[in-house]
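What follows is a set of notes on a single structure, which appears directly below.
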Amino acid sequence: MARRNVSLKGVSELTMKLKSNANMKDVKQIVKQNTAELTQGAQRKAPVDTGNLRRSITMDLSDGGLTGKVKPTADYAPC
């Protein structure tokens with residue numbers, strides 16, 4: 001499977017605009033919800049032999065809840 005990198009431009013400008021126009025509590029809730037949905041989707045699509053890979057897919061919220069990451073932690077998982 002090929003690795004793909006995603007690069008986003010203008011994130012800091014978007015964050016500043018969101019801070020001025022939206023309730024940050026709502027933004028954090030949306031980030032959390034979307035990250036959780038992405039985690040569930042990745043877990044559903046993960047190949048299952050022993051289930052270790054599926055169980056290793058977790059989410060992490062950082063930047064005060066403004067950044068969500070989904071990643072596997074199994075030793076053999078492609079990152």
Side-chain angles (χ1 to χ4, degrees):
M1 182 179 289
R3 285 182 85 181
R4 295 189 179 149
N5 292 325
V6 176
S7 176
L8 300 174
K9 295 181 182 180
V11 174
S12 59
E13 291 85 0
L14 175 62
T15 302
M16 290 180 69
K17 190 68 172 172
L18 286 172
K19 284 181 180 178
S20 65
N21 291 334
N23 179 347
M24 291 310 290
K25 184 177 179 181
D26 294 336
V27 173
K28 292 175 184 180
Q29 181 60 35
I30 291 169
V31 170
K32 183 177 181 179
Q33 179 180 348
N34 288 340
T35 306
E37 289 174 7
L38 182 61
T39 302
Q40 291 172 348
Q43 289 171 337
R44 276 193 305 272
K45 292 183 179 186
V48 178
D49 184 18
T50 64
N52 185 47
L53 176 61
R54 181 175 282 178
R55 286 189 305 274
S56 80
I57 298 172
T58 60
M59 65 180 258
D60 179 48
L61 298 173
S62 58
D63 295 329
L66 296 176
T67 301
K69 294 180 183 178
V70 176
K71 64 180 181 178
T73 57
D75 290 334
Y76 53 86
C79 290

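All values reported here derive from a predicted model rather than from experimental measurement.
- The two residues Ser56 and Ala74 come nearest to each other via the heavy atoms OG-N, 3.2 Å.
- Residue Gln33 holds its CD atom at 6.5 Å from CD of Gln29, rounded to the nearest 0.5 Å.
- For the atom pair CG of Asn34 and CE of Met59, the computed distance is 10.0 Å after rounding to the nearest 0.5 Å.
- Residues Ala42 and Val70 come closest through the heavy atom pair CB-CG1, 4.4 Å.
- Distance check: Lys25 NZ to Ile30 CD1 gives 13.0 Å after rounding to the nearest 0.5 Å.
- Taking both residues in full, the closest heavy atoms of Leu53 and Pro47 are given as CD2-CD, 3.9 Å, listed atom of the first, atom of the second, then distance.
- Between atom CG of residue Asp60 and atom NZ of residue Lys71 there is a gap of 6.5 Å, rounded to the nearest 0.5 Å.
- Taking all atoms of both residues into account, the shortest heavy-atom contact from Arg54 to Arg44 is NH2-O, 3.3 Å.
- Among residues two or more places apart in sequence or in another chain, the side chain to side chain donor-acceptor pair (under 3.5 Å) test is passed with Asp63 by Thr67.
- Remark: Arg55 CZ to Thr73 OG1 distance equals 10.5 Å, nearest 0.5 Å.
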Review point. Which is it for Lys28 and Leu61 under the side chain to side chain contact (heavy atoms under 4.5 Å, CB included) test, yes or no, and what are the steps along the way?
Key: CA-CA 9 Å; Lys28 292 175 184 180; Leu61 298 173; over 6 Å; no

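- Taking each heavy atom of Ala46 and Ile57 in turn, the nearest pair found is CB-CD1, 3.9 Å.
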